[in-house]
2 protein chains.
Amino acid sequence: MVRPPHIRDVAALAGVGVGTVSRVLNDSAGVADDTRERVRAAMDDLGYRPSNAARRLSLGRTQTLGVIAPFFTHPSVVERVRGIDDVVGDSAYDLVLFNVETSGQAEDALRRFARADRVDGVLVVSLPLSDDELTALQDQGIPVALVDVDDERLPHVSNDDVLGGTLAARHLLDAGHRRVAFVGDTVENPFGFTSSARRLEGFAAAMEEAGAPLAPECIRRGPHGREVAGLLARELLDLGEPPTAIFAASDVQAFGVLDAAARAGLDVPGGVSVIGFDDIDLAGAIGLTTVRQPLRESGRAGARLLLAALAGDGHEDAPALPELLVAARRTVGAPP
Amino acid sequence: MVRPPHIRDVAALAGVGVGTVSRVLNDSAGVADDTRERVRAAMDDLGYRPSNAARRLSLGRTQTLGVIAPFFTHPSVVERVRGIDDVVGDSAYDLVLFNVETSGQAEDALRRFARADRVDGVLVVSLPLSDDELTALQDQGIPVALVDVDDERLPHVSNDDVLGGTLAARHLLDAGHRRVAFVGDTVENPFGFTSSARRLEGFAAAMEEAGAPLAPECIRRGPHGREVAGLLARELLDLGEPPTAIFAASDVQAFGVLDAAARAGLDVPGGVSVIGFDDIDLAGAIGLTTVRQPLRESGRAGARLLLAALAGDGHEDAPALPELLVAARRTVGAPP
DNA sequence: TCCCACCGTGGAACCGGTTCCACCCTACCT
DNA sequence: AGGTAGGGTGGAACCGGTTCCACGGTGGGA
């Protein structure tokens with residue numbers, strides 16, 4: 001609990017000036033080799049570790065990146081954050097998390113960041129930014145990158161949700177399904193997500209094109225979550241003419257659909273087929289057929305975009321991500 | 001992108017000294033009401049926001065807490081972190097994350113923190129600390145709290161894993177099982193986890209007490225993960241006299257066991273019963289019977305312990321957590 | 001021989017807050 | 001009237017780094 005040594009102590013012990021110590025610390029050129037050695041030895045002797053706070057103040061940089069995301073409600077987000085960590089963990093940056101469970105919190109988080117010496121950059125995952133929020137960040141000159149958000153005004157990484165919906169439709173059509181249903185998020189959801197809507201868009205268009213348009217009663221939407229999806233699925237299964245397959249806008253919702261099917265005494269895929277979206281880790285565990293999107297890679301790519309922006313490498317283009325594809329497992333079969 | 005105003009600008013505009021502005025900022029007593037108003041007005045005029053970095057330096061506090069945890073390999077950890085966020089999110093502290101995937105990284109993370117002006121406190125989740133790491137933190141005087149780590153030397157929150165193992169055994173015994181098996185982590189795992197071993201301890205003792213001791217070939221251990229658990233389960237199911245029920249040391253491993261059973265063409269629970277541990281969110285989704293431990297509450301409790309330590313409220317005792325219990329769902333039945 | 005580069009170095013000033021001490025002024029007491 | 005207590009305030013010093021300017025010394029070119 002003694003007061004830790006600081007740079008002046010090191011300078012005194014090594015018999016040099018503080019400027020020289022600082023130069024050694026930062027590996028700047030212009031220090032003679034033997035001096036450098038002497039300073040290093042003094043640092044070791046004292047167990048010196050530079051103060052982060054002081055460095056931040058004088059540098060005007062924080063070596064910290066902020067991540068704003070709905071971590072806990074969406075396992076897919078965790079997987080994306082994992083990708084972010086892959087990249088940022090190797091850099092010198094710290095990662096500060098702001099979990100968001102309501103849209104109000106997104107604003108809070110941005111306000112917290114709205115000062116340049118708090119974080120050097122911000123990654124926003126799966127949350128659309130309002131114009132106000134966007135300009136607030138831009139006024140502060142804080143670099144931002146978006147993951148799973150489709151906003152042309154900022155560097156972003158996004159997946160082609162429309163294509164994903166199309167793939168799901170094709171997979172069901174190939175298995176012989178004609179009467180299919182959709183379970184997804186309400187359009188007016190607390191975060192302003194649009195991915196569910198885009199997945200439906202691609203899905204509905206492909207079904208229509210195949211001459212098997214979605215019946216209006218086969219489109220069910222509700223707040224994101226497993227339980228709600230289960231209830232919606234139950235409604236579908238209780239229809240006079242129930243669908244033979246259900247496309248859920250996310251794996252979490254697909255789990256709810258599976259649960260509803262089990263409760264209704266329906267075998268999957270014997271009684272009804274189910275296809276999800278995301279391919280989160282546990283989808284493989286229970287054999288859920290789902291549209292795989294490169295979650296982890298998207299996080300990596302977003303982090304790289306942000307680091308590039310911080311390094312001032314101009315406006316780097318979003319890197320190419322692996323393509324979407326259907327991970328065919330055990331929940332899709334022929335119609336009953 | 002103009003240079004943001006700082007405290008001296010505010011002082012000049014309000015016609016007061018910087019000390020007074022600082023007092024207003026911190027709501028300290030000893031400022032006349034009209035002066036306070038004048039300073040507030042000046043701040044608004046200039047759009048002044050105090051610099052975090054400067055405040056950190058002069059205060060010697062960071063308003064930041066560090067969390068060291070294996071986030072991505074263990075969904076149960078995510079749930080605990082969620083509890084931490086519940087509590088810390090409401091405080092003025094930021095949360096800096098250090099993900100740990102190997103034991104070397106745990107050391108790295110601690111080194112990064114081993115300087116008081118980096119974080120004000122550290123929460124370690126599900127990672128035992130070595131003596132070196134412990135003393136390093138204590139030398140720096142950084143408060144630490146542990147979640148899911150049983151270390152009497154520090155404030156900690158832990159669950160009774162031995163009891164959990166006992167509960168699992170009783171549940172299987174009640175269903176009529178006598179030849180049961182265990183799938184868990186290797187004793188020498190990269191993180192030094194001991195929870196798997198303690199769960200086995202309680203499990204084995206209870207089975208023995210009931211006169212149905214675990215056969216040595218029915219204890220299988222491997223690196224944590226779904227796939228490995230699946231392989232181990234496969235070995236069990238291929239035994240000359242296969243077990244009628246399998247206890248997995250975590251839900252993730254239970255998913256692997258379920259997968260192995262499905263591949264072996266065994267119905268669950270018709271052909272074999274499975275019980276897990278943790279009750280992560282998705283356990284409910286697929287009807288996994290499992291030992292429920294209060295994950296989120298443990299995170300909350302750990303965060304409260306740390307905040308109490310930071311506030312200097314003496315050595316607060318670990319708060320009582322909800323009890324462990326078996327969440328009986330659809331994967332345990334009578335032996336075939 | 002003189003001059004000039006240039007390398008290596010020391011140290012003051014600076015980043016933007018907080019804190020503490022000194023000081024003024026008013027009000028109340030004797 | 002003189003003394004004192006105490007609220008309100010200004011501002012220098014400080015937190016611990018970085019940076020930039022000035023300066024000494026050495027070597028090469030004219």
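Nearest-nucleotide positions on DNA chain C for A:Arg8 and A:Asp33 put A:Asp33 closer to the 5' end. Closest-nucleotide positions on DNA chain C for A:Arg38 and B:Ile7 were compared, and the one nearer the 5' end corresponds to A:Arg38. Heavy-atom nearest nucleotides on DNA chain D were determined for A:Ala54 and for A:Arg61, and the one closer to the 5' end corresponds to A:Ala54.
Atoms CG (A:Leu25) and C1' (D:dG16) sit 11 Å apart, rounded to a whole Å. Atom C1' of nucleotide C:dG16 and atom CZ of A:Arg55 are separated by 18 Å, given to the nearest angstrom. One interatomic measurement links the two molecules: CG of A:Asn52 to P of D:dT18, which rounds to 11 Å at whole-angstrom precision. Protein atom CG of A:Asp9 is 11 Å distant from nucleotide atom P of D:dC15, rounded to whole Å. Residue B:Arg23 contributes atom CZ, which lies 11 Å from atom P of C:dT18 at whole-angstrom precision. Taking atom CG on B:Leu59 and atom C1' on D:dC14, their separation rounds to 13 Å, with Å as the unit. One can place CG of A:Asp34 at 12 Å from C1' of C:dT9, the figure rounded to the nearest angstrom. In this structure, A:His6 places its NE2 atom 7 Å from P of D:dC15, rounding to the nearest Å.
At a threshold of 4.0 angstrom between heavy atoms, the contacts of B:Arg56 with the nucleic acid are absent. A:Val31 comes within 4.0 angstrom of the backbone, heavy atoms only, and of no base. At the heavy-atom level, B:Val16 lies under 4.0 Å from the strands shown only through sugar-phosphate atoms. B:Leu57 comes within 4.0 angstrom of a nucleotide base, judged by non-hydrogen atoms across all strands.
Of the listed residues (B:Ser298, B:Ser126, B:Ser195), just one forms a side chain to side chain donor-acceptor pair (under 3.5 Å) with B:Asp148, and that residue is B:Ser126.
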Worked check of side-chain hydrogen bond (donor to acceptor under 3.5 Å, both in side chains) between A:Arg56 and A:Ser51: CA-CA 9 Å; A:Arg56 282 180 184 211; A:Ser51 153; over 6 Å; no

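Interatomic distance, CZ of B:Phe72 versus CD of A:Glu79, reported as 8.0 Å (0.5 Å rounding). Going from atom CG of A:Asp120 over to atom CD of A:Gln63 covers 6.0 Å, rounded to the nearest 0.5 Å.
A salt bridge links B:Asp27 to B:Arg40: one of the charged nitrogens lies within less than 4.0 Å of a carboxylate oxygen.
In terms of phosphate contacts, A:Ser51 brings no side-chain nitrogen or oxygen within less than 4.0 Å of OP1 or OP2 of D:dC15. In terms of phosphate contacts, A:Ser58 brings no side-chain nitrogen or oxygen within less than 4.0 Å of OP1 or OP2 of C:dC14. Phosphate contact (OP1/OP2 of D:dT18, side-chain N/O of A:Ser22, threshold under 4.0 Å): present.
If you check C:dG8, D:dG8, D:dT18 against the side chain of B:Ala32, the one that comes closest is D:dG8.
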